[in-house]
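This report concerns only the one structure given below.
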Amino acid sequence: MGELMLDIKKLRKQPEEIKLALARRGLDAPLDEFAELDRKLREVIAEAEENKALRNKASDEIAAARQAGRDSEEKIAAARKLSEKIKALDLLAADIEAQLDDIVLELPNPPLDDVPDGADEHDNVEVRSWGSPTRFDFEPRPHWDIGTALDIIDQERGAKVAESRFTLLKGAGARLERALINFFLDLHTGEHGYTELFPPILVNSDSMRGTGQLSKFAGQEMYKLRDDDLYLNPTAEVPVTNIYRDEILDEKDLPIHVTAYLPSFRREAGAAGRDTRGLIRQHQFNKVELVKFVRPETSAEELEALTLNAEEVLKRLELPFRTVSLCAGDLGFAAAKTYDLEVWLPSYDDYKEISSCSNFLDFQARRLNIRYRPGGGKPRFIHTLNGSGLAVGRTSAAIIENYQNEDGSVNVPEALRHYMGAEMIE
RNA sequence: GGAGGGGUGGCGGAGCCUGGUUGAACGCACCGGUCUUGAAAACCGGCAGGGGCCCUCGCGGUCCCUCGUGGGUUCGAAUCCCACCCCCUCCGCCA
């Protein structure tokens with residue numbers, strides 16, 4: 001059986017419902033084709049299984065005959081024919097199944113009902129905001145200018161050591177990065193109840209497929225090792241969500257809330273103009289991730305709570321932000337609902353994404369085969385969620401820009417002073 | 001990286017040499033029942049996952065697949081052969 005992301009039984013029973021939901025993403029799902037292939041597949045399976053039953057019976061008879069010391073040459077010959085027929089039918093079934101997989105694996109998660117309509121990011125809906133855009137009585141500078149002047153961000157030497165879009169952090173810049181990581185983790189473990197993990201930074205292709213980073217139309221953004229079936233971690237979602245792959249979790253352990261700091265790597269070849277400056281879009285970046293494994297009934301409220309946990313970081317840092325609900329057309333492939341947190345960035349004169357919090361329902365769990373037994377009964381897929389809490393580099397940029405002074409120094413947010421061991425970067 | 005051993009159901013652990021009532025003994029855990037004032041013990045029973053078909057649609061019937069993964073041999077594979085993955089022990093290397 002192939003790895004299916006959507007429930008194939010649901011596709012069978014409620015194709016219209018799913019087609020409508022996927023249409024909200026601007027997708028015309030080929031569900032008629034699916035239905036036809038599915039019908040054919042079941043036909044072939046039924047025939048193959050009939051023949052297998054016959055063969056099994058024949059084998060038993062041959063065994064019994066041998067016990068009795070009787071010869072069964074013609075029975076064996078007949079069974080041999082059956083086996084050949086079965087082999088052909090199994091091949092046919094596998095072929096049809098591959099075609100079905102081609103369709104099903106490319107179907108994204110249908111949006112939840114409370115996801116706003118819309119085609120792209122312009123249709124995303126602001127659900128709340130905190131603080132207001134920072135105003136300056138001087139001309140504010142972008143973080144790459146400030147950072148270079150303070151000699152805490154060195155992009156030229158980062159590029160020398162690796163290549164463009166790798167950055168060398170120095171002195172207070174390096175300390176700020178470390179301070180943020182510790183602050184995030186302390187907050188989520190100490191006050192929000194998450195368990196801290198530190199997973200491998202290299203992940204195999206099974207893991208990548210499990211969370212949906214690898215597929216026909218995705219995967220070229222990842223750094224792949226040449227001599228091994230391993231990739232550089234593109235987001236902690238991958239190594240963290242995969243820890244329970246192929247497991248049946250104990251119901252009493254749910255929900256499981258974990259957080260992890262992990263460097264992340266993405267090729268992002270040829271990305272757009274403005275983001276090429278500074279820390280906003282790097283090939284290597286640090287991120288603290290929040291991941292939840294929950295009972296299906298609770299995933300909606302778990303998403304709200306997770307989003308608030310991520311927002312709390314920005315509030316403590318006193319960085320202005322807004323929370324938007326992604327519209328159906330802007331949702332990622334595996335997400336059924338997503339809130340983006342956008343922090344105010346003076347150099348952009350706009351809000352910029354700093355966290356993305358999603359509910360995947362059972363979409364990932366189905367691929368990952370993570371289940372639990374409700375009431376000790378039959379296994380059922382759990383729901384998974386994740387969100388950044390937060391992207392570290394972008395937080396650094398936001399702090400440098402929002403807390404800058406006219407003389408080029410940068411105030412350290414109150415919540416971070418203990419971690420920085422300083423009140424100001426100058 | 002080299003040598004050897006091993007991957008079986010929620011867990012432990014038989015079976016593999018000598019292919020055929022072993023989809024899997026036995027034990028533990030778990031669920032139900034008897035017993036008991038209650039509990040424990042004892043005893044009786046149940047207890048893997050996925051899929052197809054049928055239906056008086058239910059905690060139903062039936063069939064198929066799955067003993068690390070993928071191939072192969074065979075009428076028939078947990079059992080034989082090949083490749084790969086993983087784990088353990090020893091050696092090497094190293095933080």
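Please read these numbers as outputs of a predicted model, since none were measured by experiment. Chain identifiers are assigned alphabetically (A, B, ...) following the order of the sequence lines, protein sequences preceding nucleic acid strands; residue numbering begins at 1 within each chain.
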Please list, by residue number, the residues of residues 76-83 of chain A whose heavy atoms come closer than 4.0 Å to an atom of RNA chain B; answer none if no residue qualifies.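 RNA chain B contact set from residues 76-83 of chain A: A:I76, A:A79, A:R80, A:S83.
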Heavy atom of residues 56-66 of chain A under 4.0 Å from RNA chain B: which residues?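 Listed by number, they are A:N56, A:S59, A:I62, A:A63, A:R66.
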Roughly how far apart, to the nearest Å, are [N] and [M] at atom [atom1]?
{"N": "B:G72", "M": "B:G61", "atom1": "P", "result": "35 Å"}
{"N": "B:G1", "M": "B:U8", "atom1": "P", "result": "24 Å"}
{"N": "B:G15", "M": "B:C91", "atom1": "C1'", "result": "33 Å"}
{"N": "B:C31", "M": "B:C88", "atom1": "P", "result": "33 Å"}
{"N": "B:G92", "M": "B:G2", "atom1": "P", "result": "16 Å"}

Please tell me which of A:R12 and A:P379 maps to the more 5' nucleotide of RNA chain B, matching each residue to the nucleotide holding its nearest heavy atom.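 Looking at the nearest nucleotide for each, A:P379 comes out on the 5' side.
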Gap between atoms [atom1] and [atom2], on [X] and [N] respectively (whole Å):
{"X": "A:L89", "N": "B:C65", "atom1": "CG", "atom2": "P", "result": "13 Å"}
{"X": "A:E84", "N": "B:C75", "atom1": "CD", "atom2": "P", "result": "9 Å"}
{"X": "A:E251", "N": "B:G10", "atom1": "CD", "atom2": "P", "result": "17 Å"}
{"X": "A:D90", "N": "B:G51", "atom1": "CG", "atom2": "C1'", "result": "13 Å"}
{"X": "A:E43", "N": "B:G52", "atom1": "CD", "atom2": "P", "result": "15 Å"}
{"X": "A:R55", "N": "B:G20", "atom1": "CZ", "atom2": "P", "result": "16 Å"}
{"X": "A:I96", "N": "B:G51", "atom1": "CD1", "atom2": "P", "result": "19 Å"}
{"X": "A:K52", "N": "B:U62", "atom1": "NZ", "atom2": "C1'", "result": "16 Å"}

Do any N or O atoms from the side chain of [X] and from the backbone of [Y] form a donor-acceptor pair under 3.5 angstrom?
{"X": "A:R55", "Y": "A:K81", "value": "no"}
{"X": "A:N109", "Y": "A:F360", "value": "yes"}
{"X": "A:R165", "Y": "A:R267", "value": "no"}
{"X": "A:D38", "Y": "A:F34", "value": "no"}
{"X": "A:Q282", "Y": "A:G278", "value": "yes"}

State, without any angle test, whether A:H188 and A:T259 hold a side-chain donor-acceptor pair at a distance under 3.5 Å.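 Side chains of A:H188 and A:T259: no pair found under 3.5 Å.
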A:N369 and A:D246: side-chain donor and acceptor closer than 3.5 Å?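 Yes - a donor-acceptor pair under 3.5 Å links their side chains.
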In Watson-Crick or G-U wobble terms, both distances under 3.5 Å, what is the partner of [N]?
{"N": "B:U69", "result": "B:A83"}
{"N": "B:U62", "result": "B:G52"}
{"N": "B:G10", "result": "B:C28"}
{"N": "B:A3", "result": "B:U89"}
{"N": "B:C47", "result": "none"}

With a 4.0 Å cut-off, would you call A:E312 and A:R316 a salt bridge?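 Between A:R316 and A:E312 there is a salt bridge, with a charged N closer than 4.0 Å to a carboxylate O.
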Just compare B:G49, B:U73, B:G52 and give me whichever is closest to any side-chain atom of A:K87.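 Selected nucleotide: B:U73.
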State, yes or no, whether a side-chain contact exists between A:H143 and A:L279 at a heavy-atom distance under 4.5 Å.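 Answer yes - side chains close enough.
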Quick one, A:N242 and A:M208 - any side-chain contact, counting heavy atoms below 4.5 Å?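 When only atoms from C-beta onward are counted, A:M208 and A:N242 do not touch, as no gap falls below 4.5 Å.
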